[in-house]
Structures are given as structure tokens and as C-alpha cells.
Amino acid sequence: MKPIVILPACVQKIGLHEQHTVQVKYVNALVAAGCTPLILPALGEVADIEAVLGACHGVMLTGSPSNVHPRHYGEPMQDARLRLDAARDATTLPLIRAVLARGMPLLGICRGFQEINVAMGGTLHQAVHAVTGMRDHREDKQAGLDQQYAAAHAVTLAPGGRLAQILGHDGELQVNSLHGQGVDRLAPGLVVEARAADGLVEAFSDSAATGFALALQWHPEWRLTENPDSLRIFGAFAKACRIYQGEHNVA
């Protein structure tokens, strides 16, 4: 059986009704990697996280139009227009800690990258483009998707790091860039795996994790099968999920 990977949902209002949503590109990327995606509603404290994790083999945290509420890292909100998702925060932050405690494979992308840092005690820049010395990492909202998700800048991989090992090379990697927030203070125990030229952390791993635990600020899920580096990342995650499945005898 293919490993089951949890995708925590966002809560968005579409029309008159709130809905639990996950973008199709994340679902498709997991399917292409040989996993079975299972969407977890953003139920917050009502969610039975232990029961869910007992029936799956990995967790992938997706990107989202929303941001982690600054109160989760001890800061006031700097911009009242900031798009938030309290239900997702209430679901993913405890989920992350439970996943890492189990040694279950964890992959974070964009918002998911930021969630892991916050869950482990780190902080975020609420507007990277407003920080002195930082570039504007946001996409052009008026452009088409192909342009928004095109390679925007290089990141430098940490020599000998976990990401470099997965990719099979050190040096630089061209990535897309579609985020307004980013890591300010990296949480204790997290290790930088890649940085942008302006110094912003673009990838990290958990040094204490017994299994796969990697987070990326960019979007490797976009047109996954056309990007060899993205395929290697998802392939490594899927392999870790299969290993976890075998070791824990989870059907």
C-alpha cells in the first residue's frame, strides 16, 4: 500500500460559506511521488491528532494565502490587513510538535515552512520587503501563474547539509519566490539548509529529528515532474514515508 500523507487544510470563505481547502497542486505532487494524500480539516483543538497520526505515515504542510498569527511568536500584528487563518494555526502548530515527537516524516512548504519555525519557538518577519537589506520576495499578483512560479532567484545550499545530500550537489539552486513573510529568528534545534543572497533563510531541517524533517520557503510542488531537484525532494520524502510505514507496521 502507498504511504498515507496528511495535508492539513486551510479555512477559506468561498461565496457565502467557509470551506476546508487544499490546493490541487499539493495533492497532485504527493500522488506523483507515490503517496496517498489525506486532507485533515482545520479543526483546531477538536482534532484528535494522535488518532490521525496513528493512521498515517507522513505530514506535508502546504503554502497558503494566509499567515501565521504573530501572537504565536509573541508579537503584535504590524498590518491589520494581514490575511490570517486561526483554525489552521490551531491545527498545524500542535500537529507539528506531535509529528516531530513521533519521528514521523515532515515536509513544510512556504506557510508550512514558517509554521514549523513558529511551532518550535522561532519568529517571523511580518513583511520581509520592509526589512532593511532584504529583497522583495513577493510574486507579481497581476502576472500569470507561469510567471509567478518561474525561477526568481538563487539560494545557496549549506555544504554537506541534508538538502544538499538529497539533491546530490552543493552550490546554488534556482527557486521561485511567492512569500511576503519569512524567518526572522530560527527556532532552537533547526539548521539552515539554504539561504537567499540577502541572507534570508530559505530552507531548514530539524537537527533533533529521528526521521525526515525538512522545510522550504519556495514551492517545489509546482510542475513537480518538470523539475529534477523538486522530484528528488519529493522522492526523498516519499521514501521516508515508506520506511516509516514499514517500521511502524501501519497499514
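Quick caveat, the model's predicted, so the values are computed rather than measured. Keep in mind that the numbers below use all heavy atoms, side chains included, and drop hydrogens, waters and symmetry copies.
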## Note on the structure
CG (N67) and CG (L84) are apart, to the nearest 0.5 Å, by 6.5 Å
### Summary
CG of L214 to CZ of R162, rounded to nearest 0.5 Å, is 9.0 Å
### Query
Relative to the ring of H248, is the ring of Y244 parallel (under 30°), tilted (30 to 60°) or perpendicular (over 60°)?
parallel
### Task
Could you label the plane-to-plane angle of the H219 and Y26 rings as parallel, tilted or perpendicular, counting under 30° as parallel and over 60° as perpendicular?
tilted
### Query
Of E202, Q114, R111, which is the lone residue that meets side-chain hydrogen bond (donor to acceptor under 3.5 Å, both in side chains) with Q217?
Q114
### Expected output: side-chain S207 to main-chain G189 donor-acceptor under 3.5 Å
yes
### Message
I'd like to know if the side chain of Q174 and the backbone of A151 have a donor-acceptor N/O pair within less than 3.5 Å.
### Response
no
Do [X] and [Y] belong together in a cluster built from hydrophobic side chains that touch within less than 4.5 Å?
| X | Y | answer |
| --- | --- | --- |
| V11 | V22 | no |
| L231 | L167 | yes |
| V59 | I49 | yes |
| I109 | F113 | no |

### Message
Taking salt bridge (Lys or Arg N to Asp or Glu O under 4.0 Å) as the definition, give me every residue that meets it alongside R232, ordered by chain and number, with sequence neighbours left out.
### Response
D229
Looking at side-chain heavy atoms only, is the closest gap between [X] and [Y] below 4.5 Å?
| X | Y | result |
| --- | --- | --- |
| L82 | P70 | yes |
| F234 | L107 | yes |
| H125 | L200 | yes |
| L224 | N28 | no |
| L40 | L38 | no |

### Task
Would you name the heavy atoms of A42 and A87 that are closest together and state the gap between them?
O-CB, 3.6 Å
### Exercise: identify the closest heavy-atom pair between G34 and P3
O-CD, 3.7 Å
### Query
When the aromatic ring centroids of H153 and H137 are compared, is their separation below 6.0 Å?
yes
### Message
The test is side-chain contact (heavy atoms from CB on, under 4.5 Å); show your working for E221 and T62 and say whether it passes.
### Response
CA-CA 9 Å; E221 81 287 348; T62 70; over 6 Å; no
